[in-house]
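Values below: every heavy atom of this structure, side chains too, minus hydrogens, waters and symmetry copies. Below, read A as the first sequence line, B as the second, and so on, with proteins coming before strands; counting in each chain starts at 1.
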2 protein chains.
Amino acid sequence: MQNKEFVPIDEFSDMWDVLTQEERMYLRENTKIHHFKKNQIIYCEGEEPSHLICLIKGKVKIYKEGTGGRNQIVMMIKPKESFAYRAFLAEERYMTNAATVEATSAYFVPLKVIYEMICSNNKLAFTFIKILSKELGKAHNRTVNLTQKHIRGRLAEAIVNLVEHYGFDDDGVTINICLSREDLANISNMTTANAIRTLSSFVSEGMLSVKGRHISVLDYEKLLKISKIG
Amino acid sequence: MQNKEFVPIDEFSDMWDVLTQEERMYLRENTKIHHFKKNQIIYCEGEEPSHLICLIKGKVKIYKEGTGGRNQIVMMIKPKESFAYRAFLAEERYMTNAATVEATSAYFVPLKVIYEMICSNNKLAFTFIKILSKELGKAHNRTVNLTQKHIRGRLAEAIVNLVEHYGFDDDGVTINICLSREDLANISNMTTANAIRTLSSFVSEGMLSVKGRHISVLDYEKLLKISKIG
DNA sequence: TTAAAATAATGTTTTAAAGCACAAAGTTAA
DNA sequence: TTAACTTTGTGCTTTAAAACATTATTTTAA
């Protein structure tokens, strides 16, 4: 069941540190690995949740389809993070879609295995409580940011969040994620044309430099300031 | 510690059904009751969370202060619901403010008591997991609704949500909550003037009738349709 | 290696909603 | 019972962002 290329799931992400040796084995036995190409859909709104997914490598966007084909990205996932479990825990169907933004490998754990372990291991239950509480706080923040800030503030904040989440490449300035202008727009709640325009003005103001989809941050302080003022 | 006017907290809200007899006693012994007048602030952004609050009677708004004095109401609380615990579970300070919208009584339970019980009672942990998961789903929905729908859709949706949450008075049409136009605007992400205007047009279109702050729903289907189309 | 498609870039027009200003009606307080 | 204040209601003006249109530039595929 385990792939020899990869370490076992319980050693990969520290969210499983709280498991007993027995539980770790149980988790390993029930974990499978799946691979996805770039821009592949992992799950869709309305489907029944079946697995917790823990990213090994690659990047994933979680988004909701809005009116008129405009999507809203509600969160971005990076390696070691898990997703696709919320709907199950709420006893709902998926309310979001998940798609890769680059080639991706991930552990798949049946949600009933997760459920059993949450029921028998308090510490794991608390791990989920904490993750969900933090996510809920972020979601409230995002709502206010996206509804009250102007275009420049929204894009600046989106870029700041990408920096904080994915960090920089070895050069120390290039953000370690490549997104289309459309995805950038869907994170910042604006049209693609406006994302392009606003990104260009950030470049001409000397805050960023852009090479295709690679964004480098030249003046982080200024970016932060714009993201706060709105 | 208990007030004779009110039933014990564990009998009042069914979220405590999962507690053992011993835990119930422990909960009761540590619960106090507080009373608030209309428009009183219960807690503020930045404060250290100390108590879980369970509403006995009255209504509470949870809101974030936005730019330029415009607040965003992120949720409304009704009797039997609990709040003020998210920040504690996420090990953060409050990110929101809470204020009464009418005279309110509430149970106050120290969060360390809640923490102890979550750690010792898996079922209670799961209760919180489920509540948080559902809230997170709602928050994602709200984000998309508030960012993508137009004014009429946003207000219609806000009113639909109020109906679903608070229900009707005995007459079967008047929504069982009275909010200022400003609060209505702060739920639907618009200016007060636009809330007033849009509400008036809903009235002149025969969907609603309004007497001061009392809103009656005359054509729920139409309201629902507008809330969905945007 | 050309064609087709997707993505990026820019200019122009339109519009939804904010901003502003002011009046009327209710409330609260002195 | 005035006065002061808050809330509600409207009209007018401005503006931020969407919508639309068109042209480059990449990327992908045939």
Response to the item:
Among C:dT10, C:dA17, D:dT8, the one nearest any side-chain atom of A:S200 is C:dT10
Worksheet item: Under 4.0 Å between a Lys/Arg side-chain N and an Asp/Glu carboxylate O for B:E91 and A:K134?
Response: no
Worksheet item: Just how far, in rounded Å, is C1' of C:dA8 from CD of A:E182?
Response: 11 Å
Worksheet item: Nearest of D:dT10, C:dA17, C:dT10 to any side-chain atom of B:A193?
Response: D:dT10
Discussion item. Expressed as a whole number of angstroms, how long is the span from B:L155:CG to C:dA18:P?
Written reply: 12 Å
Worksheet item: Can we call the ring centroids of B:F12 and B:F6 under 6.0 Å apart?
Response: no
Practice prompt. Assign B:I151 to base, sugar-phosphate, or nothing according to its heavy-atom contacts below 4.0 angstrom with the strands shown.
Written response: sugar-phosphate
Worksheet item: Which nucleotide sits closest to the side chain of B:R197: D:dT8, D:dG11, D:dA19?
Response: D:dG11
Practice prompt. Starting at atom NZ of A:K149, determine the distance to atom P of D:dA16, rounded to an integer number of angstrom.
Written response: 18 Å
Fill in: Gap between atoms CG and P, on B:N194 and D:dT8 respectively (whole Å)
15 Å
Worksheet item: Separation of B:I196 atom CD1 from D:dC12 atom C1', in whole Å?
Response: 16 Å
Worksheet item: Over how many whole Å does the gap from A:R213 atom CZ to C:dT7 atom P extend?
Response: 6 Å
Discussion item. Let's see if you can work this out: which of C:dA16, C:dT7, D:dA18 has an atom nearest to the side-chain heavy atoms of A:R154?
Written reply: D:dA18
Worksheet item: Is there a donor-acceptor pair under 3.5 Å between the side chain of B:T143 and the backbone N or O of B:A139?
Response: yes
Worksheet item: Do any side-chain nitrogens or oxygens of B:T191 fall under 4.0 Å of OP1 or OP2 in C:dA18?
Response: yes
Worksheet item: Do the side chain of A:S13 and the main chain of A:K80 share a donor and acceptor less than 3.5 angstrom apart?
Response: yes
Worksheet item: Would you say the side-chain atoms of B:Q72 pair up with the backbone N or O of A:V144, donor to acceptor, closer than 3.5 Å?
Response: no
Item to complete: Measure from the side-chain heavy atoms of B:M190 and tell me the nearest of C:dA8, D:dA18, C:dA18.
Response: C:dA18
Fill in: Distance, rounded to the nearest Å, where B:F202 contributes CZ and D:dT8 contributes P
17 Å
Worksheet entry | Value in whole Å for how far the C1' atom of C:dT10 lies from CZ of A:R181 | 14 Å
